[in-house]
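Please read the structure below before turning to the comments.
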Amino acid sequence: MAISSLNDAELWTLIISDDYRAFTVLFERHWLRLYKTALRYTKDHAACDEVVHDLFVNIWEKRKHLVVLDFERYLVAATRYQVYTYLKRCKRSALEYREDVSLLKQSITLSAINTGQEKMLYHDLESAIDDKLKLLPKRCQEIFFLSRKEHLSNKEIAERLSISKRSVENQITVALKYLRVCLKNTA
């Protein structure tokens with residue numbers, strides 16, 4: 001039986017068992033509807049991408065603990081919550097941005113930049129990122145490398161690897177979320 005013919009509950013059982021293919025099928029099955037739901041609230045296509053990807057990353061990360069009985073209701077409610085979180089973060093970010101610009105102007109006038117130290121910090125961070133990436137699944141590493149090191153578009157990666165563009169986007173999102181969590185204390 002093809003994995004794509006399974007219903008959501010059957011896919012969820014596989015996802016709990018760490019089946020990433022089942023997760024990809026669930027993602028591709030519901031992505032567009034959730035994107036449209038987010039678009040109703042944000043009116044911003046880039047924000048909708050972020051909201052839906054964050055939602056699915058959260059689902060993957062919490063799959064062992066989530067109990068989902070009705071996928072339709074759960075996904076719509078979770079999408080609305082992600083939109084709320086995103087809008088709240090954007091509002092806070094706008095205020096922080098103004099403060100950051102003000103502080104940046106002050107720091108540029110008060111001090112010179114030590115580029116040698118910055119280069120060392122950059123190389124240390126790059127090394128830490130490379131070490132953390134080695135812990136991801138091989139396919140996820142490959143997609144992230146093609147995107148960030150070879151600067152290929154998601155469409156080019158999808159064509160090269162014979163997978164969907166959504167799968168590429170999902171893998172990159174998973175890698176970025178993983179790196180954010182792993183490296184949040186670095187710097």
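This structure is a prediction, so every number in the text was calculated from the model and none was measured.
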query: Does the side chain of Glu28 come under 3.5 Å of the side chain of Asn170 through a donor N or O and an acceptor N or O?
result: no
Taken to the nearest 0.5 Å, the spacing of Arg40 CZ from Cys48 SG works out to 10.5 Å
Quiz prompt | Ring-ring centroid check Tyr20 Phe23, cutoff 6.0 Å | solution = yes
For Thr173, the side-chain hydrogen bond (donor to acceptor under 3.5 Å, both in side chains) test, sequence neighbours excluded, returns His53
- Side chain of Arg80, backbone of Ala38: donor and acceptor closer than 3.5 Å? no
Using modelled atom types only, decide if a donor and an acceptor are shared between the side chain of Glu159 and the backbone of Glu156 within a distance under 3.5 Å.
no
Exercise for the section: Spell out, yes or no, whether Trp12 and Ile3 are grouped together once hydrophobic residues are joined by side-chain heavy atoms under 4.5 Å, including indirect joins. Expected result: yes
Distance col, row Ile172:CD1 vs Leu146:CG, nearest 0.5 angstrom, shows 9.0 Å
**Message:** Side chains of Phe144 and Leu176, heavy atoms from C-beta outward: is any pair under 4.5 Å?
**Reply:** yes
In this structure, NE2 of His30 is separated from CZ of Phe56 (nearest 0.5 Å) by 6.5 Å
Side chains of Arg160 and Glu150: does their closest heavy-atom pair fall under 4.5 Å? yes
The complete set of salt bridge (charged side-chain N to carboxylate O under 4.0 Å, His left out) pairs with one or both residues in residues 11-23, sequence neighbours excluded, reads Asp18-Arg63, Asp18-Lys64, Asp19-Arg21
task: Answer whether the closest heavy-atom distance between the side chains of Glu50 and Asp54 falls below 4.5 Å.
output: yes
The reported gap from CH2 in Trp31 to NZ in Lys36 (rounded to nearest 0.5 angstrom) is 9.5 Å
CG (Leu34) and CG (Leu55) are apart, to the nearest 0.5 Å, by 6.0 Å
Applying side-chain contact (heavy atoms from CB on, under 4.5 Å) to Arg139 and not counting sequence neighbours gives Glu142, Ile143, Leu161, Ile163
Separation between CZ (Phe27) and OG (Ser167), nearest 0.5 Å, reads 7.5 Å
query = Taking side chain as C-beta onward, heavy atoms only, is Asp8 less than 4.5 Å from Glu72?
reply = yes
